[in-house]
There are 2 protein chains.
Amino acid sequence: MVRTARFSAEHFIDAALALVAEGGPGAATMQAIARKVGAPTGSIYHRFESRSAILATAWNASYGSLARVLVPLLQAGRPREAALALLPWAGEDRHRARFLLLHEPVSLFEEAPPPEPLRQAMERLESEMDQAFRACVGLSGGGITREEDLARAKFLIFDAPIAILRPHLLADGDIPAFAGQMIAELHAGVPLAGSGLRTGSPHTA
Amino acid sequence: MVRTARFSAEHFIDAALALVAEGGPGAATMQAIARKVGAPTGSIYHRFESRSAILATAWNASYGSLARVLVPLLQAGRPREAALALLPWAGEDRHRARFLLLHEPVSLFEEAPPPEPLRQAMERLESEMDQAFRACVGLSGGGITREEDLARAKFLIFDAPIAILRPHLLADGDIPAFAGQMIAELHAGVPLAGSGLRTGSPHTA
DNA sequence: ATGCGAATAGATTGCTTGTTCTAGAATAAA
DNA sequence: TTTATTCTAGAACAAGCAATCTATTCGCAT
């Protein structure tokens, strides 16, 4: 090395994360990021090759942090705990939660796709979560899992908790205790495996 | 009038709706709308004073069409039917459903707010839906409704059905029958009024 | 037939964006 | 001290945007 860097990659990532969390993807312009950090716009390009690269890196950090919480619970066959774990994770870092849960990835990268290595890292993280999810649902079901069962499980573990969380993220308020109660009640009242025309014998192992 | 108009306001609205539904809010540029209709960009400004005005008009049309379905059901005290009614409404017009349910209004108007009369129309529609919703929840509860009960009802009637619908809208595929079953099961398994510490007498009128 | 006014038509303006470029400053090793 | 290299610094560039402007065309009322 030769010259001391005043601005680290993390500075830019945090600024981009905060800007998206507060004002949506459109608010995270290169100039806004630079201004928030106090750096000239050109300096960003010494750390990231493009705007997409910053956003993809921020997304990987956010999604990775969530995966580190959920994947172990899913692998342990605890879907209910996984669903509930979303709440403390969101309370831990509001910017991160708003960045990840309030904006579809497609809206972050609609202008230009992220560079290939970052795109692959995103896919790796998503498939890691997906595999843990399928293992969790598959082993409790005990065999072939229908598309319907997967959709139902995805709703109960991911989409419903996020939908319960969303209003409080949008309002930027604290997450009330009844949010957890709603998730718990949901899992108590609706079975993970389809309650469809299950004519089979309930006593079979 | 003096000259026959080749392009009506609806042409532009439909084009904007389709562009947002297919490619997100960023895809609905004035030039893209004009190109889709086959009109020069300047002609749009004879019908709408700004881009926000087109998007707001499209939003009003979409939300209004949904309100016409849901409000009567809510006013009749049929929350379960209202939740289920979302599915045929979405199946009726895919572009409209994707436009309304896949993008937060804030992302449509982040660059410039819509003109005042349109903004008021939007608020009127939202409050119409909200009043019907509160009437529906209030009368089944019978008295004071806590914030928790409102949140739970909003989830059961709006957010959960939308979350169940979203994957199929994103994939642009048909809405399978089990989506309706999931909503029905949800309403069967989770009560609209809080199942909390309801110590009161269940036999009281 | 004719001329007024609304609509088309699209080039143009002014602005913002992501990215690049040139110049200079700082630092660790030689 | 010198030198090589990485960073800061911000002006400059090209592209794309919403919105405006000038010119032209059309069709109904007169």
Side-chain angles (χ1 to χ4, degrees), chain A residues 1-13 15-17 19-20 22-59 103 106-116 118-119, chain B residues 1-17 19-20 22-59 106-116 118-119:
Chain A
M1 309 296 175
V2 278
R3 177 178 177 170
T4 312
R6 292 184 52 197
F7 313 109
S8 72
E10 277 205 354
H11 281 122
F12 295 118
I13 294 175
L17 207 93
L19 284 165
V20 172
E22 288 166 0
T29 68
M30 295 302 260
Q31 309 190 22
I33 295 170
R35 197 180 319 128
K36 188 146 205 161
V37 172
T41 64
S43 287
I44 306 180
Y45 289 88
H46 281 268
R47 313 281 170 203
F48 301 94
E49 68 175 82
S50 68
R51 178 174 180 268
S52 299
I54 306 185
L55 295 176
T57 307
W59 192 91
H103 309 282
V106 61
S107 74
L108 292 173
F109 308 114
E110 62 186 345
E111 304 183 7
E116 194 53 28
L118 281 172
R119 205 189 58 77
Chain B
M1 309 299 171
V2 278
R3 180 179 174 169
T4 311
R6 291 184 51 198
F7 314 108
S8 72
E10 277 204 354
H11 281 121
F12 295 118
I13 293 175
D14 290 346
L17 207 93
L19 284 165
V20 172
E22 288 165 3
T29 68
M30 295 302 261
Q31 308 188 23
I33 295 170
R35 197 179 321 127
K36 189 145 205 162
V37 172
T41 64
S43 286
I44 307 181
Y45 290 88
H46 280 267
R47 314 278 170 207
F48 301 95
E49 69 174 82
S50 69
R51 177 174 179 269
S52 299
I54 304 185
L55 294 176
T57 306
W59 191 92
V106 61
S107 74
L108 293 173
F109 308 114
E110 63 188 343
E111 303 182 10
E116 194 53 27
L118 281 172
R119 205 189 58 77

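In what follows, chains are A, B, ... by sequence order, proteins preceding strands, each numbered from 1. All figures in this text were calculated on a predicted structure; none of them were measured in a lab.
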Neighbour count >12 (heavy atoms, 6.0 Å) for atom CD, A/Glu22: yes
B/Phe48 vs B/Phe12 aromatic rings, parallel, tilted or perpendicular, using cut-offs 30° and 60°? perpendicular
Taking CD from B/Glu110 and P from D/dA18, how many angstroms apart are they, rounded to a whole number? 13 Å
Hey, can you pull the residues of residues 4-15 of chain B with a non-hydrogen atom under 4.0 angstrom from DNA chain C? B/Ala5, B/Arg6, B/Phe7
Donor-acceptor under 3.5 Å (A/Thr41 side chain, A/Ala34 main chain): no
What heavy-atom pair brings B/Tyr45 and B/Ser50 nearest, and what distance separates the two atoms? CE2-CA, 4.2 Å
Any side-chain donor paired with an acceptor under 3.5 Å for B/Ser43 and B/His46? no
Roughly how far, to the nearest 0.5 Å, is OG1 of A/Thr57 from CG of A/Leu17? 11.0 Å
B/Ser43 side chain N/O closer than 4.0 Å to the phosphate oxygens (OP1, OP2) of C/dT8? yes
Before you tell me yes or no, could you show the steps for B/Met30 and B/Ile54 under side-chain contact (heavy atoms from CB on, under 4.5 Å), namely the whole-Å CA-CA distance, both residues' side-chain angles and the distance that decides it to 0.1 Å? CA-CA 10 Å; B/Met30 295 302 261; B/Ile54 304 185; 4.1 Å; yes
B/Ala112 backbone acceptor or donor facing B/Arg51 side chain under 3.5 Å: no
Between C1' of D/dA18 and CZ of B/Phe48, the distance in whole Å: 16 Å
Sugar-phosphate atoms are those with a prime plus P, OP1 and OP2; base atoms are the rest. Using that split, label each nucleotide of nucleotides 15-25 of chain C B, S or - for protein heavy atoms under 4.0 Å, 5' to 3'. --BSBB---BB
